[in-house]
Amino acid sequence: MSHAFRHRDILDIARKEGKVTVEGLAQHFGVTLQTIRRDLSDLAEEGRLERVHGGAMLPSSTSNIGYEQRQSLNAKAKTAMAKACAERIPNNISLFLNIGTSTEAVARELRNHRNLLVITNNMNVANILAETQECEVVVTGGNLRRADGGLVGKLATETILQFKFDLAIIGCSALDRDGDLLDFDIQEVSVSQAILQQSRKTYLVADASKLKRNAPARIASLSEIDTLFTDAPLPADLPAKCAAWDTEVVIARP
């Protein structure tokens with residue numbers, strides 16, 4: 001069977017079952033695991049599927065994929081972006097890290113920094129930096145989102161408004177081709193907007209897969225971001241828009 005017909009059938013199976021696995025598809029089509037991984041990567045590149053650990057699923061514009069799946073998704077790209085971002089973060093500053101696996105990757109790269117004050121609404125970030133003696137950690141409080149350790153809601157926003165950060169490092173669930181940062185959780189959006197308001201400088205860490213996703217709630221525009229760290233060139237006229245907005249784009253390839 002040609003890959004074009006196989007792609008069509010893979011999408012049909014995904015629509016019926018909601019998710020497909022590499023092993024299941026390899027057995028179904030009688031091909032190698034490597035062939036199916038290549039098929040799923042092609043379909044993900046076209047924005048028709050979202051890669052998750054062990055397979056893929058149909059993209060959703062109303063709900064995010066699970067935290068454990070997000071942890072393994074584009075892990076090498078997140079590490080590369082996190083290293084590039086951390087290299088730009090000086091010692092002796094205050095910074096905010098928000099919810100997301102990309103910001104958690106940045107936190108891991110900060111464990112050798114000195115004299116940092118880190119404010120976060122991400123329990124995972126707090127745990128990553130808990131044993132770093134040169135880093136003071138402040139957790140915002142708020143409603144605990146058990147799925148990913150995020151703290152959201154009015155208390156989180158009110159805590160953020162008590163600070164003025166030198167730098168904020170944020171992530172997003174999706175990045176629209178017109179440059180808008182998007183998310184699924186309306187409560188998280190209000191928290192992210194407060195972070196932007198209280199930060200002197202803001203870095204966005206978002207891998208290229210975010211440009212193939214959609215989410216319903218708008219956080220802000222790339223025009224409000226100082227530097228975008230990503231893993232591949234931006235599509236269409238977005239680089240020109242970033243240049244006009246004076247938003248720097250750093251491409252960190254895995």
Side-chain angles (χ1 to χ4, degrees), residues 64 67 70 78 81-82 84-86 88-90 92-110 113 116-129 135-145 147-176 179-207 210 215-230 242 245-250:
N64 207 350
Y67 175 71
R70 279 185 280 143
K78 289 174 184 175
M81 294 185 303
C85 181
R88 296 285 193 95
I89 299 173
N92 308 305
I93 67 165
S94 61
L95 67 153
F96 196 100
L97 290 168
N98 80 338
I99 302 170
T101 55
S102 294
T103 51
E104 290 165 21
V106 175
R108 294 186 188 95
E109 300 300 326
L110 294 177
H113 276 58
L116 295 180
L117 170 61
V118 176
I119 305 96
T120 185
N121 65 328
N122 186 337
M123 294 294 291
N124 300 312
V125 165
N127 288 328
I128 289 166
L129 295 173
C135 180
E136 182 179 353
V137 180
V138 175
V139 180
T140 64
N143 299 329
L144 176 62
R145 201 166 64 187
D148 61 3
L151 296 165
V152 296
K154 185 177 179 181
L155 181 57
T157 301
E158 288 179 347
T159 305
I160 290 164
L161 293 176
Q162 304 307 307
F163 290 88
K164 191 73 177 182
F165 327 113
D166 295 314
L167 174 64
I169 297 98
I170 67 169
C172 64
S173 295
L175 185 58
D176 199 87
D180 280 342
L181 286 62
L182 306 172
D183 213 301
F184 294 99
D185 188 336
I186 295 173
Q187 288 194 86
E188 184 175 349
V189 167
S190 62
V191 172
S192 295
Q193 289 171 341
I195 295 166
L196 290 170
Q197 176 184 321
Q198 298 304 108
S199 181
R200 294 183 176 91
K201 181 181 287 189
T202 306
Y203 293 166
L204 171 66
V205 185
D207 67 80
K210 300 297 174 71
R218 182 182 184 275
I219 301 169
S221 166
L222 276 175
S223 63
E224 301 170 60
I225 303 297
D226 292 281
T227 304
L228 164 64
F229 293 87
T230 188
C242 287
W245 293 328
D246 202 24
T247 299
E248 181 186 12
V249 178
V250 175

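The basis for the numbers below is simple: all heavy atoms, side chains too, and nothing from hydrogens, waters or symmetry mates. For reference, positions follow the sequence shown, starting with 1. This one's a predicted model, so the numbers in the text were calculated from it and none came from an experiment.
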L161 vs Q197, side-chain contact (heavy atoms from CB on, under 4.5 Å): CA-CA, chis, key distance, verdict:
CA-CA 8 Å; L161 293 176; Q197 176 184 321; 3.8 Å; yes

To the nearest 0.5 Å, how far apart are [atom1] in [X] and [atom2] in [Y]?
{"X": "K210", "Y": "D176", "atom1": "NZ", "atom2": "CG", "value": "14.0 Å"}
{"X": "I119", "Y": "Q198", "atom1": "CD1", "atom2": "CD", "value": "11.0 Å"}
{"X": "E104", "Y": "I99", "atom1": "CD", "atom2": "CD1", "value": "9.5 Å"}
{"X": "I169", "Y": "S102", "atom1": "CD1", "atom2": "OG", "value": "12.0 Å"}
{"X": "D207", "Y": "T101", "atom1": "CG", "atom2": "OG1", "value": "8.0 Å"}
{"X": "L204", "Y": "T103", "atom1": "CG", "atom2": "OG1", "value": "10.5 Å"}

What residues form a salt bridge (Lys or Arg N to Asp or Glu O under 4.0 Å) with [X], not counting sequence neighbours?
{"X": "E136", "value": "none"}
{"X": "D185", "value": "R145"}
{"X": "E224", "value": "none"}

Over all atoms of both residues, closest heavy-atom pair of [X] and [Y]:
{"X": "A156", "Y": "V191", "answer": "CB-CG2, 4.1 Å"}
{"X": "N98", "Y": "N122", "answer": "O-ND2, 3.3 Å"}
{"X": "C172", "Y": "A206", "answer": "SG-CB, 4.3 Å"}
{"X": "L222", "Y": "T247", "answer": "O-OG1, 2.7 Å"}
{"X": "S199", "Y": "A168", "answer": "OG-N, 3.1 Å"}
{"X": "P90", "Y": "R88", "answer": "CD-O, 3.3 Å"}

Please name all residues satisfying side chain to side chain contact (heavy atoms under 4.5 Å, CB included) with [X], sequence neighbours left out, ordered by chain then number.
{"X": "A107", "value": "L97, V125, I128, L129"}
{"X": "A174", "value": "L182, R213, A215"}
{"X": "K201", "value": "L167, Y203, D226"}
{"X": "S223", "value": "S221, W245"}

Would a 4.5 Å heavy-atom cut-off, applied to side chains only, mark [X] and [Y] as touching?
{"X": "E109", "Y": "I89", "answer": "no"}
{"X": "L110", "Y": "C135", "answer": "no"}
{"X": "T140", "Y": "I160", "answer": "yes"}
{"X": "L95", "Y": "F165", "answer": "no"}
{"X": "T230", "Y": "V249", "answer": "yes"}

Strictly distance-based, threshold 3.5 Å: is any side-chain N or O of N121 a donor or acceptor partner for the main-chain N or O of L151?
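The answer is yes, because a donor-acceptor pair under 3.5 Å joins these two groups.
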
For [X], give me all partners under side-chain hydrogen bond (donor to acceptor under 3.5 Å, both in side chains), at least two apart in sequence or on another chain.
{"X": "S94", "answer": "D166"}
{"X": "N127", "answer": "none"}
{"X": "T157", "answer": "none"}
{"X": "N143", "answer": "none"}

The test is side-chain contact (heavy atoms from CB on, under 4.5 Å); show your working for I170 and S192 and say whether it passes.
CA-CA 8 Å; I170 67 169; S192 295; 5.7 Å; no

What salt bridge (Lys or Arg N to Asp or Glu O under 4.0 Å) pairs are there with at least one residue in residues 118-129, not counting sequence neighbours?
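Passing the test, one end in residues 118-129: no pairs.
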
Dump the intermediate steps for side-chain contact (heavy atoms from CB on, under 4.5 Å) on F163 and V138, then the final yes or no.
CA-CA 11 Å; F163 290 88; V138 175; 4.0 Å; yes

